[in-house]
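For reference, the structure is listed below as structure tokens.
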Amino acid sequence: MTPRYEPHEIETKWQRVWEDEGAFRVPNPAPGAPTAESHWYQLEMLPYPSGPSLHMGHVLNYTMGDVQTHVRRRSGWHVVRPMGWDAFGLPAENAAIREGRHPRETIERNIETMRSQMKRLGWAIDWDREVSAHQPTFYRWTQWLFQQFVAHDLCYRREGPVNWCPNDQTVVANEYVVDGRCERCGAEVELRTMTQWYMRTTAYADELLEYEGTEWPSRTRAIQRNWIGRSEGAEILFRVEETGGDIAVFTTRADTLFGATFFVLAPEHPFVAAHASEEAKQYARHAGTRPVEERAAATKKTGVFTGLHAINPIDGERLPIWVADYVLMDYGTGAIMAVPAHDERDGEFAETFTLPTKVVIDEDGKLVNSGRFDELPAEEGARAIVAALEEEGRGQATVNYRLRDWSVSRQRYWGCPIPFIHCEKCGVVPVPEDQLPVILPDIEDYAPKGRPPLAANEEYMSVDCPQCGGAARRDPDTMDTFVDSSWYFLRYIDSHNDEAPFDRFVVDYWLPVSQYIGGIDHSTGHLLYSRFFVKAMNDWGMVGFREPFARVFHQGWVTLGGSKMSKTKGNVAGPDELADEYGADAVRLYILFMGPADQDMEWTPDGVEGIVRFLRRLWRVVHEVAGSAPADGVREGALARKANETIARVTDDVLRRFQFHTPIAALMELVNELSGAVGAPDARFAAETAVSLIQPYAPHVAEELWTVLGHERLWEAPWSEADESQLVRETFELVVQVNGRVRDRFEVDAGLSEEELVARARESERVRAYLDGGEPRKTIVVPKKLVNFVV
RNA sequence: GCCGAAGUGGCGGAACUGGUAGACGCGCCGGACUCAAAAUCCGGUUCCCUUCGGGGAGUGUGGGUUCGAAUCCCACCUUCGGCACCA
């Protein structure tokens with residue numbers, strides 16, 4: 001008599017066993033010990049505990065990682081699979097403010113909940129390695145690293161224009177401003193000038209375009225490439241006739257230098273305030289304060305003549321210098337040579353202000369009206385012109401980037417304190433290492449108010465200068481939470497180390513991360529920052545690799561009502577209800593069965609019935625097999641072949657193709673076939689195979705059924721291997737085509753030669769009707785598949 | 001404008017290197033079991049025509065390559081994503 005399938009009972013039971021056994025605890029190799037060759041670091045982006053619980057997007061993400069983890073472990077890989085919490089940051093802080101509680105309380109409660117949800121879903125996580133960004137044991141090293149970046153001149157303070165979010169009351173990084181709006185809250189950002197800490201990401205601009213030894217999706221690389229915006233060109237010096245000084249321009253079109261008919265400065269260009277006419281200065285002051293968005297949206301070009309002239313270094317032409325807001329100060333040099341004939345914007349400007357136009361490239365792409373450079377193809381011409389300028393010290397080939405340094409100061413409370421002290425005498429001084437971490441104080445009033453909340457806390461702010469001992473002030477800002485997430489994956493590897501952020505030996509053993517799973521929305525932020533961190537650390541000798549993530553996979557969004565689940569929109573569906581009703585195994589299978597994991601999917605629990613039916617059928621069939629099928633383990637026959645085929649498909653899909661929904665379909669086929677032949681001699685083998693292969697997806701029911709079949713400890717049983725000899729078929733279905741159209745199909749012996757296949761094909765009544773008694777012009781034979789007659 | 005991804009039944013999707021289009025599941029239809037229902041099981045389900053043997057069309061559109069194209073090539077359409085007065 002088959003007992004009922006009671007998911008909750010068996011799930012609780014096996015979760016306890018795994019916990020007691022420490023089944024998913026994975027120790028590091030001892031220093032100096034010989035290390036396993038095939039190791040695997042499975043990582044999914046760590047969750048923000050800003051919401052009260054996990055949503056189906058998390059479930060998709062972590063279940064994928066879990067399947068990968070189980071299959072690799074059982075295939076003999078040494079697999080580490082940690083978990084932690086991105087606990088600092090705005091969303092967490094804002095959630096706490098909404099609830100009227102201290103962020104720490106809210107966060108720690110949310111972590112509690114999420115951790116228990118994760119355990120309930122049975123994910124094979126090594127909880128011994130758990131870290132959270134808000135724990136002093138973690139942020140001590142975030143601060144230490146921050147100081148290292150400063151020491152290596154990769155982090156610095158300067159005054160500059162920043163994106164200020166008036167709603168969140170803090171600076172926002174360029175990477176997280178979308179269409180002029182704060183990515184977090186949607187408020188329009190303002191430009192402000194402030195003194196801030198910056199990470200010098202631009203120092204690695206070129207190398208960030210390479211992906212040495214990695215397999216990244218082409219779209220992610222494209223997004224980063226666009227963001228970095230590398231463009232090759234030349235810097236050319238123009239002398240100003242009236243002042244005798246030089247102004248540099250950046251151009252990617254040096255070939256059009258002879259076509260320059262005027263010259264334009266950005267309103268913020270220092271030369272304008274220094275030398276331009278009053279009218280031009282007035283325009284510049286006004287134009288410079290217009291919001292960037294408005295400047296970009298303007299339909300008509302505006303500008304004012306400065307009264308000055310620039311001399312074209314190639315031909316001595318005298319060009320009027322204008323100031324106009326279509327030239328941007330923060331790209332290139334903030335000055336351009338205007339070539340109205342070959343640049344759309346310059347053309348528009350010339351038309352608006354009736355300035356001359358000079359064509360210097362003909363229809364064949366060759367230079368004209370360019371003196372001794374005439375006839376040269378454009379590219380060659382550009383090189384020749386730059387070379388000529390270089391000889392005279394008036395120009396040189398350069399590369400320009402759109403990428404800006406990453407601003408990391410935040411005027412908010414809930415983040416990692418910046419470990420620097422401002423002393424009037426000594427300047428900016430690092431907090432001595434033995435005084436780290438600088439503890440984030442518990443304060444009453446942490447609400448955002450335009451100045452950092454910590455600034456009002458005298459006890460925190462007032463400090464002795466570590467150098468001169470005089471009265472000094474702490475830095476009141478906290479770090480962007482993306483500083484935390486730029487290195488958390490290194491800390492997982494050595495999370496209890498209290499002498500260093502991590503030990504190089506173990507980090508070099510596990511990293512780069514073998515497979516990183518997360519949303520594509522972090523392409524220009526987190527993923528770029530992490531690469532920057534690792535490259536820097538490699539340069540300092542802290543790690544032995546230059547890329548953090550060997551392979552990246554982006555899961556699709558799980559949407560509800562057409563948009564990505566989010567707390568602010570209120571369209572969140574979590575796993576709890578479904579797990580209550582059907583169990584964790586059903587939830588895990590269902591989210592992966594919904595479709596290709598890298599495509600967006602609209603959440604609906606409607607199809608879960610199919611998965612539940614499948615699990616019940618598996619349950620029943622395995623019990624029937626255990627009771628009736630011969631126990632001698634025959635591995636030949638139709639069922640055995642199907643089982644072997646399924647092993648091959650599931651393994652290939654998970655390990656090579658990183659595809660998770662098709663293995664479930666393959667397993668359904670196997671179970672469907674098995675359910676019609678539970679008494680067959682090879683039924684036991686097929687049942688064992690099905691249970692073994694379903695284990696990464698549905699570990700609880702698999703473990704239970706494994707004991708029903710008389711075995712133990714499936715989680716550590718070797719992964720099934722397909723018996724190649726059983727994959728060979730004795731017969732196959734021969735497809736016969738005439739002119740590429742299927743006319744007949746029938747079973748034939750797999751051993752038949754090509755000639756025999758053709759002969760059999762020609763015997764077919766249906767085929768003969770189409771051959772019309774004549775000889776085919778041509779006959780194509782595809783072994784093991786088909787015969788095609790061309791008539 | 002530049003860069004990237006994608007278009008297949010009522011729905012989610014499968015078909016990996018060109019070789020039987022629609023696996024698997026949902027939904028729907030019919031049947032068995034049942035007093036009834038649930039659960040379970042069996043069968044059907046791309047569209048059109050059919051004398052029920054089968055025939056024709058069909059993977060966004062139009063061309064092309066090929067014995068053979070969802071798959072390769074060209075052009076276009078649509079949707080989504082990134083960059084963008086970036087010189």
Side-chain angles (χ1 to χ4, degrees), chain A residues 4 178 217-231 233 249-254 256 264 266 292 295-299 301 324-328 330-339 342-346 348-349 400-402 520-521 523-524 554 589-590 593-596 598-602 604 606-614 616-617 620 649 652-653 656-657 659 661-672 675-676 733-745 765-766 769 776-791:
Chain A
R4 267 178 65 100
V178 181
S218 59
R219 57 179 176 148
T220 319
R221 289 200 310 260
I223 290 170
Q224 293 197 341
R225 200 187 323 120
N226 282 338
W227 186 255
I228 294 166
R230 181 183 200 275
S231 64
V249 303
F250 172 75
T251 178
T252 55
R253 295 296 306 276
T256 64
V264 190
V292 192
R295 273 168 76 162
T299 45
K301 297 257 180 296
D325 69 358
Y326 81 93
V327 174
L328 308 173
D330 67 354
Y331 184 78
T333 63
I336 61 156
M337 60 178 214
V339 185
H342 304 290
D343 182 283
E344 213 178 308
R345 297 148 301 175
D346 297 346
E348 254 177 69
F349 193 83
N400 222 300
Y401 301 90
R402 194 153 34 229
I520 195 166
D521 54 336
S523 296
T524 57
H554 301 294
L589 274 166
Y590 180 54
F593 190 60
M594 279 188 73
D598 57 354
Q599 273 172 44
D600 295 354
M601 48 189 101
E602 172 69 11
T604 159
D606 288 350
V608 75
E609 294 288 347
I611 287 294
V612 175
R613 275 199 272 272
F614 166 60
R616 290 205 192 110
R617 185 179 308 142
R620 194 191 68 235
R649 278 174 69 185
D652 189 53
D653 280 354
R656 183 179 66 85
R657 301 180 66 201
Q659 190 165 291
H661 58 144
T662 44
I664 301 173
L667 281 159
M668 286 172 167
E669 283 184 48
L670 176 60
V671 173
N672 287 347
S675 72
E733 191 181 51
L734 178 70
V735 170
V736 186
Q737 299 180 328
V738 177
N739 289 336
R741 312 201 52 133
V742 178
R743 293 307 176 187
D744 203 359
R745 55 187 86 176
E765 288 291 334
R766 296 199 195 140
R777 268 198 301 126
K778 198 170 167 187
T779 303
I780 285 120
V781 182
V782 181
K784 299 267 160 68
K785 285 223 167 78
L786 59 78
V787 171
N788 183 16
F789 296 115
V790 188
V791 297

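The chains referred to below are lettered A, B, ... by the order of the sequence lines, with proteins before strands, and numbering in each begins at 1.
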Nucleotide nearest A/Arg617 when distance is taken to its side chain, options B/rA23, B/rG68, B/rG25
B/rG25
From CD1 of A/Ile780 across to P of B/rA69 the rounded distance in Å is 12 Å
Among the candidates B/rA14, B/rC83, B/rG19, find the nucleotide nearest to the side-chain atoms of A/Gln659.
B/rA14
To the nearest angstrom, the CZ-P distance between A/Phe593 and B/rC11 comes to 17 Å
Side-chain N or O of A/Arg225 versus OP1/OP2 of B/rC83: is the shortest distance under 4.0 Å?
no
How many Å lie between CD1 on A/Ile664 and C1' on B/rA14, as a whole number?
13 Å
Looking for any heavy atom pair under 4.0 Å, which part of the strands does A/Gln599 touch: base, sugar-phosphate only, or nothing?
sugar-phosphate
Per the glycosidic torsion and the 90° limit around 0, nucleotide B/rG60 is anti
Atom-to-atom span, CG of A/Asn739 to C1' of B/rG19 - whole angstrom
15 Å
Reckon A/Arg221 touches a base, only the sugar-phosphate, or nothing at all at heavy-atom distances under 4.0 Å?
nothing
Among the nucleotides B/rG54, B/rC41, B/rG81, which one has an atom lying closest to any side-chain atom of A/Arg620?
B/rC41
In the structure shown, which nucleotide is the Watson-Crick or G-U wobble counterpart of B/rG81, with both distances under 3.5 Å?
B/rC3
Can you tell me which nucleotide in B/rG4, B/rU40, B/rC86 comes closest to the side chain of A/Arg402?
B/rC86
Of all the choices, B/rG19, B/rC16, B/rC86, which nucleotide is nearest to the side chain of A/Asp652 once you look at every atom?
B/rC16
Of the candidates B/rA57, B/rA87, B/rG68, the side chain of A/Arg741 sits closest to B/rA57
Between B/rA87, B/rU20, B/rG19, spot the one nearest the side chain of A/Val742, thanks.
B/rU20
Specify the separation, in whole Å, of atom CZ of A/Arg230 and atom P of B/rG82.
25 Å
What is the ring orientation for A/Tyr331 with A/Phe250, classed by angle as parallel under 30°, tilted 30 to 60°, or perpendicular over 60°?
perpendicular
Could you tell me whether A/Pro217 contacts a base, only the sugar-phosphate backbone, or nothing, with contacts defined as non-hydrogen atoms closer than 4.0 Å?
nothing
Does B/rG9 fall in syn (glycosidic angle within 90° of 0) or anti?
syn
Let's test your reading of the model: under 3.5 Å, does the base of B/rC83 pair with the side chain of A/Asn226 as donor and acceptor?
no
What I want to check is whether an N or O donor and acceptor connect the side chain of A/Arg656 with the base of B/rC16 at under 3.5 Å.
yes
A/Thr252 or A/Asp600: which one's nearest nucleotide on RNA chain B is closer to the 5' end?
A/Asp600
Examine B/rA84: is either OP1 or OP2 under 4.0 Å from a nitrogen or oxygen in the side chain of A/Arg345? Give yes or no.
no
P spacing across the pair B/rG43 / B/rG60, given as an integer number of angstrom
32 Å
Complement of B/rC72, any strand, by Watson-Crick or G-U distances under 3.5 angstrom
B/rG64
Would you say the side chain of A/Glu733 and the base of B/rU20 hold a donor-acceptor pair, judged only by whether the two atoms sit under 3.5 Å apart?
yes
When the distance from CG of A/Leu667 to C1' of B/rA23 is rounded to whole Å, what number comes out?
14 Å
A/Pro596 has a side chain; which of B/rG13, B/rU20, B/rC85 sits nearest to it?
B/rG13
Between A/Arg743 and B/rU20, is there a side-chain N or O to OP1/OP2 distance below 4.0 Å?
no
A/Arg219 and A/Ile520, any side-chain heavy atoms less than 4.5 Å apart:
yes
Do any side-chain nitrogens or oxygens of A/His661 fall under 4.0 Å of OP1 or OP2 in B/rG25?
no
